[in-house]
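To keep things clear, I will list the structure first and then write my remarks on it.
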Amino acid sequence: MRHVIALDVGGTGMKAALIGVDGAVLHRARRATGRERGADAVVETILAFAAELRAHGEEHFGQPASAAGVAVPGIVDAEQGIAAYAANLGWRDVPLRDLLSSRLDGVPVALGHDVRTGGFAEGRIGAGKGADRFLFVALGTGIAGAIGIDGSVEAGAHGFAGEIGHIVVRPGGIPCPCGQRGCLERLSSASAVGQAWAEAGGDPDADAADCAKAVESGDPRAMTVWRNAVDALADGLVTALTLLDPRILIIGGGLAEAGETLFTPLRAAVEQRVTFQKIPAIVPAALGDSAGCLGAGLLARDLIGAGVTDAAERDTTGPGTTSPGTTVPGTTGPIPTDIAPTTPSEVTT
């Protein structure tokens, strides 16, 4: 059975799947990234995991994978296939696409940035399905975005497009590791909200989810922390929508798990700030922590032009799925969203 390898590399763990050309998820697996062993060991772990997936496909489905897609964090040169830099994995200028292709006996490999790849999936088969212009923003450890245009995601001239977390929304504010002060991700990421609530509430172990629960219970300290984060986020998003004019704005990452505790005040704050701009639909992401792996699968399938088969006829209900007989815009066939999500993955920038 013809299939591809999809691999999503995170700071602590990797999620993978073998996906058939009909869109069926044939096999799922997870591994620890093992970053404590150093960058070289992380690269070897990725290569070994991919080879293991290839062997599994050959043994159980009669042939090795036809292509592979891999999403990684940090700075990525997708065109050259180079993982240029990732602080949380410790690597620089790793020719990961070529290394993977070599380990997989020469099959084509697509390399993508983790957030852009997740956004790619959200735009094609998730919350943005069918939209010609979308902006995906992930609120996790940091904040990063993906700019969707006509079925693809814009990487920018140097691979930095979508770094919305480093828009300065509070000049002279909290220092950011990027060298600026007052960056959006220092105020509105899940980690920033968690830190602010830990300080305000006096519990060093508190996180953003705890803050959201305290907001829902009416705690005035939590409400202040939350309001500050939402206001900063709205400022950053209005800047982005002024520049990009998306039709839909998709919010994902750990902070989005707060649901309407986040979305109701965020929509109101954005509406209060716009003047001439058109307000896009502001919606939660649909694919959870499966987005990166699903996006990697899409990248791999695009390499081989996988066609529509029986999976296109399936009615898989739920957010981000296709209806019977529907082809996903911008692809030659649908990808299912049934890689079971666990907890929302943290996003690093």
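Counting heavy atoms of neighbouring residues, nucleotides and ligands inside a 6.0 Å radius, atom CG of Asp203 exceeds 12 of them. In the displayed structure, Glu36 atom CD is contacted under 6.0 Å by more than 12 heavy atoms of other residues, nucleotides or ligands. The neighbour count for Glu271 CD, taken as heavy atoms of other residues, nucleotides or ligands under 6.0 Å away, does not exceed 12.
Leu135 has its side chain out of reach of Leu241: every pair of non-hydrogen atoms, C-beta onward, lies at least 4.5 Å apart. Between Thr45 and Met14, some side-chain heavy-atom pair lies under the 4.5 Å cut-off. No side-chain heavy atom of Val9 sits less than 4.5 Å from a side-chain heavy atom of Phe49. Looking only at side-chain heavy atoms (C-beta outward), Val94 and Ile82 stay at 4.5 Å or farther from each other. Side-chain contact check for Pro73 versus Leu89: some heavy-atom pair is nearer than 4.5 Å. At a threshold of 4.5 Å between non-hydrogen side-chain atoms, the residues Leu287 and Ile125 count as touching. A heavy-atom distance below 4.5 Å is not found between the side chains of Asp105 and Pro64. Side-chain contact between Ile5 and Leu18 is present, with heavy atoms from C-beta onward closer than 4.5 Å.
No donor-acceptor pair under 3.5 Å is formed between the side chain of His113 and the backbone N or O of Ala71. With Ser189 contributing its side chain and Gly142 its backbone, the two residues share no donor-acceptor pair below 3.5 Å. At least one donor-acceptor pair closer than 3.5 Å links the side chain of Gln277 to the backbone N or O of Thr275. In terms of modelled atom types and a separation under 3.5 Å, the side chain of Thr117 and the main chain of Ala296 share no donor-acceptor contact. Ser102 places no side-chain N or O within donor-acceptor distance of the main-chain N or O of Asp98, the cut-off being under 3.5 Å. The closest donor-acceptor contact from the side chain of Arg186 to the backbone of Arg181 lies at 3.5 Å or more, if one exists at all. Although no hydrogens or angles enter the test, the distance criterion places no donor-acceptor pair under 3.5 Å between the side chain of Arg28 and the main chain of Lys15. No donor-acceptor pair closer than 3.5 Å links the side chain of Ser66 to the backbone N or O of Val4. Listed for the Glu122 side chain is no donor-acceptor partner under 3.5 Å among the backbone atoms of Gly128.
For Pro265 against Trp226, the heavy-atom pair with the smallest separation is CG-NE1, 4.5 Å. Minimum heavy-atom separation, Val230 to Ala269: CG1-CB, 4.2 Å. Contact detail for Glu44 and Arg103: the closest heavy-atom pair is OE1-NH2, 3.0 Å. Scanning all heavy atoms of the two residues, the minimum distance from Cys293 to Ala6 falls at O-CB, 3.3 Å. Nearest heavy-atom pair, Ala232 versus Leu187, reported as atom, atom and distance to 0.1 Å: CB-CB, 3.9 Å.
One finds no salt bridge joining Arg133 and Glu154 here, because no Lys/Arg side-chain nitrogen approaches an Asp/Glu carboxylate oxygen to under 4.0 Å. With respect to Lys213 and Asp207, no salt bridge is recorded, no charged nitrogen being found less than 4.0 Å from a carboxylate O. Salt-bridge check for Glu260 with Arg267: passed, with a basic side-chain N closer than 4.0 Å to an acidic carboxylate O. Looking at Lys278 and Asp245, no side-chain N of the basic residue comes within less than 4.0 Å of a carboxylate O on the acidic one, giving no salt bridge. Classification of Asp132 and Arg247 as a salt-bridged pair holds, one side-chain N sitting under 4.0 Å from a carboxylate O.
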* Evaluation steps, side chain to side chain contact (heavy atoms under 4.5 Å, CB included), between Asp302 and Phe120 -> CA-CA 12 Å; Asp302 281 358; Phe120 181 52; 3.7 Å; yes
For Ile167 and Ile164, run side chain to side chain contact (heavy atoms under 4.5 Å, CB included): C-alpha distance rounded to whole Å, both residues' side-chain angles, the deciding distance at 0.1 Å, then the answer. CA-CA 5 Å; Ile167 291 177; Ile164 186 175; 3.6 Å; yes
Give the intermediate values and the outcome of side chain to side chain contact (heavy atoms under 4.5 Å, CB included) for residues Asp205 and Asp210. CA-CA 9 Å; Asp205 297 322; Asp210 296 323; over 6 Å; no
Decide yes or no on side chain to side chain contact (heavy atoms under 4.5 Å, CB included) for Arg170 and Asp235, but give the supporting numbers first. CA-CA 9 Å; Arg170 298 292 181 267; Asp235 288 338; 2.7 Å; yes
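Both Val76 and Ile46 are assigned to one and the same hydrophobic cluster, defined by single-linkage of ILVMFWY side chains at heavy-atom distances under 4.5 Å. A continuous path of ILVMFWY side-chain contacts below 4.5 Å connects Phe61 to Val107, so both sit in one hydrophobic cluster. Under the 4.5 Å side-chain heavy-atom criterion for ILVMFWY residues, a single connected hydrophobic cluster contains both Leu244 and Leu184. Note: the hydrophobic cluster containing Leu7 also contains Leu99 (ILVMFWY, side chain heavy atoms under 4.5 Å, direct or indirect links).
For the atom pair Leu100 CG and Leu111 CG, the distance stands at 8.0 Å (nearest 0.5 Å).
Ring geometry for His27 against His56 counts as parallel: the plane angle stays under 30°, on a 0 to 90° scale with 60° as the upper cut.
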